[in-house]
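Quick caveat, the model's predicted, so the values are computed rather than measured. Chain letters run A, B, ... following the sequence lines, proteins first and then strands; every chain starts at 1.
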Amino acid sequence: MDGAAVFDDWQMGSNVAAERLQIDIAGWEGPLDLLLTLARNQRVDLKAISILELVEQYLAFVEQARGANIELAADYLVMAAWLALLKSAMLLPKEIEQDPSPEEMALRLQLRLQRLAAMRDAGARLLGRDRLGRDVFARPSPEGVRTIRRRLWDADLYELIAAYGQVRARTAPALHVVAARRVMSLDTALQRLSTMLGLAIDWRDLISFLPPEVSGDLRRSALASSFVAALELARTGQCELQQEAAFAPLYLKAKA
Amino acid sequence: MTGDPIPDYERAVEAAVFASAAPLTPAEIAQFVGDGDVAGALRAIAARHAPGGIHLVERGGRWHFQTASDLAHLLRREREEPRKLSRAAIETLAIIAYHEPVSRAEIEAIRGVQTAKGTLDVLMEAGWVRPAGRREVPGRPLLYKSTADFLTHFGLESRKDLPGIDDLRAAGLLDPVDVAMDGFRFDDGVDGGDDAAGG
Amino acid sequence: MTGDPIPDYERAVEAAVFASAAPLTPAEIAQFVGDGDVAGALRAIAARHAPGGIHLVERGGRWHFQTASDLAHLLRREREEPRKLSRAAIETLAIIAYHEPVSRAEIEAIRGVQTAKGTLDVLMEAGWVRPAGRREVPGRPLLYKSTADFLTHFGLESRKDLPGIDDLRAAGLLDPVDVAMDGFRFDDGVDGGDDAAGG
């Protein structure tokens, strides 16, 4: 396995792609949100956007994310599959009968984007209004008016249903689901690194110590744990470290 | 500054609204001050205060006094942003207000993502959204709608004052996609198979 | 009713005094609205409001608005706030509403804790719960159900409008409290008047 090539790949995940397409999944609320962002980049009315261009941008994004080993949630992939279908339908000759027609599919997507954009816009306009307690103020400590019907006890619907929710949550049989989160522990990395170091004679890139089959989050975890393990081995005098510059490959060698 | 003396009934209405801890409907006001032309009194009070620094306003059929909005820059309290809402919560609030009554599935159809736990909870706790019965279709989904407190907080006299609601309605943007699709002519019947994209 | 337009400075003073939780000294007012003839503005505001139902008054060098004294009969005499229901009471009320008719033993089984004698009394006193016969099993336990007054108070058409378990889960209401509160800021309740004084 060529260490340098792997390193390029890793670097792309962190730097290049971030600059080019801003692969920042956390910033989007699902595929429709991403599509809307891409559509707005066309800088035209949502009624006039090019759906084909939009579809190609989305598919390019998904490809890039995969290339950068970014794990996409299932709904992004479902949308990608649907858009790939739409794209091929749009490129097919017109004579071929399709149901639903590509125009219809494209229009449906466009309508959904318009609706989401409208509500996002409406939300922003709502928040920009003169809000009570921020822009306009009511009287903070009114005297209060004489009560017509004395109500000794007070409670609202939210409190009522929230209380019921909590009763049910409290008394429901405890069911603990631990989200599957694959990590490489520090111990594992330490063991793996010291074993492999014993076999190596020359300087080797830290990346080349990672298990070749891992990807995504697990790969990131393996990299982080191996880095810490390398520091630990250097501290205890079992290996030497060498790095030309910040973000340059980090090389390890067993201490003679 | 002298003018006609202010009628006692109007003064009483003014005092009741001013002293009340919560906004009052005309019916509630009448319970305090006795029967009379509450609406006329409210109009007169609002007009009398209009040039001043305190305004009488109607929000969702309830009346209260508040500071004039053009003075916001003097009184605004930066630290006390009433509630910091997530983007999901803002969108959900807008969808409920503009489409009410609306089910969670309908909210999700517009947003294209599932509603995270806690989004509706935050809006209900703020008192801006509440359950509003069920839709009589299979599954009887619970419906949500906005509250009078929502109108009060955002300075809306009624839902008709929601920003741009008339334009959105006229443009069909408050109709579900399926309804809008029916308005277009296609050779083939509309097929729901592409709903998979809804996620 | 038109007269000379009210100067902006006077309007600002008026709004600042109105929006303050505590009476303000002229110096505190100036911190909000900037330097100017605060005393003159206060005199003008007091004169403008004199014929109405709201008066601007000075007490020990501090100014605040209050209801005109001849209208005091509208005001609450005893400052008795409605009390918040206890945690146990609101849970018990919720269980009765969701499961009615239900016996005390059943309520305890659902809550997982014993119900104090007074809890049901409070709910009955509030008029939200009433006895509803006995269950024909050994011991013939008394059953409880919710009242029409309960529906009215909580703005429900019928008990069917209560959100179901799935709705509660989706809204985030089945989460532990601390999770549900996460990312949610409350007003800290500090009023601007004290800030101005402290600034």
Side-chain angles (χ1 to χ4, degrees), chain A residues 29-33 35-36 73-76 78-79 81-83 85-86 97-101 103-105 107-109 111-112 114-139 141-146 148 156-158 161-162 165, chain B residues 16 18-21 24 28 31-32 64-69 72 75-77 80-82 85 87-88 90-91 93-95 97-98 110-113 121 124-125 127 130-131 152-156 162-165 168 171 173-174 177 180-181 184 186-191 193-194 196-197 199:
Chain A
E29 292 206 39
L32 205 60
D33 184 19
L35 274 166
L36 185 56
D75 50 348
Y76 284 87
V78 170
M79 179 64 91
W82 186 79
L83 291 178
L85 181 72
L86 173 59
E97 283 281 323
Q98 293 168 82
D99 184 34
S101 72
E103 290 82 7
E104 192 181 320
M105 289 165 74
L107 178 63
R108 182 172 278 269
L109 176 61
L111 292 175
R112 291 188 70 192
Q114 284 173 19
R115 273 154 185 72
L116 178 59
M119 283 302 105
R120 188 159 291 173
D121 187 44
R125 289 171 74 178
L126 268 183
L127 286 202
R129 291 186 61 84
D130 287 327
R131 290 166 65 188
L132 194 63
R134 189 190 67 172
D135 307 295
V136 295
F137 296 87
R139 204 172 164 217
S141 41
E143 293 106 330
V145 272
R146 138 177 80 72
I148 306 285
D156 65 25
L157 182 61
Y158 174 77
I161 62 181
Chain B
F18 180 76
S20 172
L24 295 178
E28 287 165 342
Q31 287 189 301
F32 290 115
H64 72 273
F65 282 102
Q66 65 180 31
T67 56
S69 58
L75 307 170
R76 185 172 289 149
R77 293 158 202 182
E80 287 183 41
E81 176 87 13
L85 289 177
R87 192 146 72 91
I90 296 166
E91 274 176 31
L93 177 64
I95 292 168
Y98 282 76
I110 295 170
R111 297 195 60 234
V113 282
D121 175 49
M124 282 196 279
E125 177 153 19
R130 55 167 288 147
T152 301
H153 182 88
F154 289 96
L156 300 160
L162 284 167
I165 191 168
L168 291 174
L173 286 170
L174 299 181
V177 169
M181 291 296 287
F184 294 92
F186 289 101
D187 295 337
D188 301 312
V190 175
D191 182 309
D194 49 356

- Message: Using heavy-atom distances under 4.5 Å, tell me whether B:Leu168 contacts chain A through its side chain, its backbone, both, or neither.
- Response: side chain

- Hey, does B:Val113 have a side-chain heavy atom less than 4.5 Å from the side chain of A:Asp33? no

- Task: Using non-hydrogen atoms and a 4.5 Å limit, figure out which bit of B:Ala88 sits close to chain A: side chain, backbone, both or neither.
- Result: both

- Message: Working to the nearest 0.5 angstrom, can you tell me the gap between B:Leu156 CG and A:Asp130 CG?
- Response: 10.5 Å

- Message: Measuring only between side-chain heavy atoms, which start at C-beta, is A:Leu32 closer than 4.5 Å to B:Arg111?
- Response: no

- For B:Phe18, all residues meeting ring-ring contact (aromatic ring centres under 6.0 Å, His included), sequence neighbours excluded: none

- Any chance you could measure A:Met119, atom CE, to B:Leu93, atom CG, to the nearest 0.5 Å? 11.0 Å

- A:Ile161, part contacting chain B, at a heavy-atom distance under 4.5 Å: side chain

- Is the closest side-chain heavy-atom distance between B:Ser69 and A:Asp135 below 4.5 Å? no

- Message: Less than 4.5 Å apart, side chain to side chain, heavy atoms only: is that true for B:Phe154 and A:Arg131?
- Response: yes

- Task: Identify the two heavy atoms, one from A:Leu111 and one from B:Ala180, that lie closest to each other, and give their separation to 0.1 Å.
- Result: CD1-CB, 3.9 Å

- With a 4.5 angstrom heavy-atom cut-off, could you sort out which part of A:Leu157 is near chain B: side chain, backbone, both or neither? side chain

- Task: Answer yes or no: is there a donor N or O on one side and an acceptor on the other, between the side chain of A:Arg129 and the main chain of B:Gly155, under 3.5 Å?
- Result: yes

- Query: Any side-chain heavy atom of B:His64 within less than 4.5 Å of one from A:Leu132?
  - Reply: yes

- Note on the structure: Between A:Pro142 and B:Ala19 the two heavy atoms that sit nearest each other are CB-O, 3.3 Å

- Query: Mind checking what makes side chain to side chain donor-acceptor pair (under 3.5 Å) contact with B:Thr152, not counting sequence neighbours?
  - Reply: B:Arg62

- Query: Is there side-chain contact between A:Arg139 and B:Phe65, with at least one heavy-atom pair below 4.5 Å?
  - Reply: no

- Message: Looking at B:Arg130 and A:Asp156, is any side-chain nitrogen of the basic one under 4.0 Å from a carboxylate oxygen of the acidic one?
- Response: no

- Query: If you round to the nearest 0.5 Å, how far is CG of A:Asp121 from CD of B:Glu91?
  - Reply: 11.0 Å

- Query: Side chain, backbone, both or neither: which part of B:Leu174 has a heavy atom under 4.5 Å from chain A?
  - Reply: side chain

- Message: So which residue, A:Ala122, A:Ala138, A:Ala118, A:Ala117, ends up with the most heavy-atom pairs under 4.5 Å with chain B?
- Response: A:Ala122

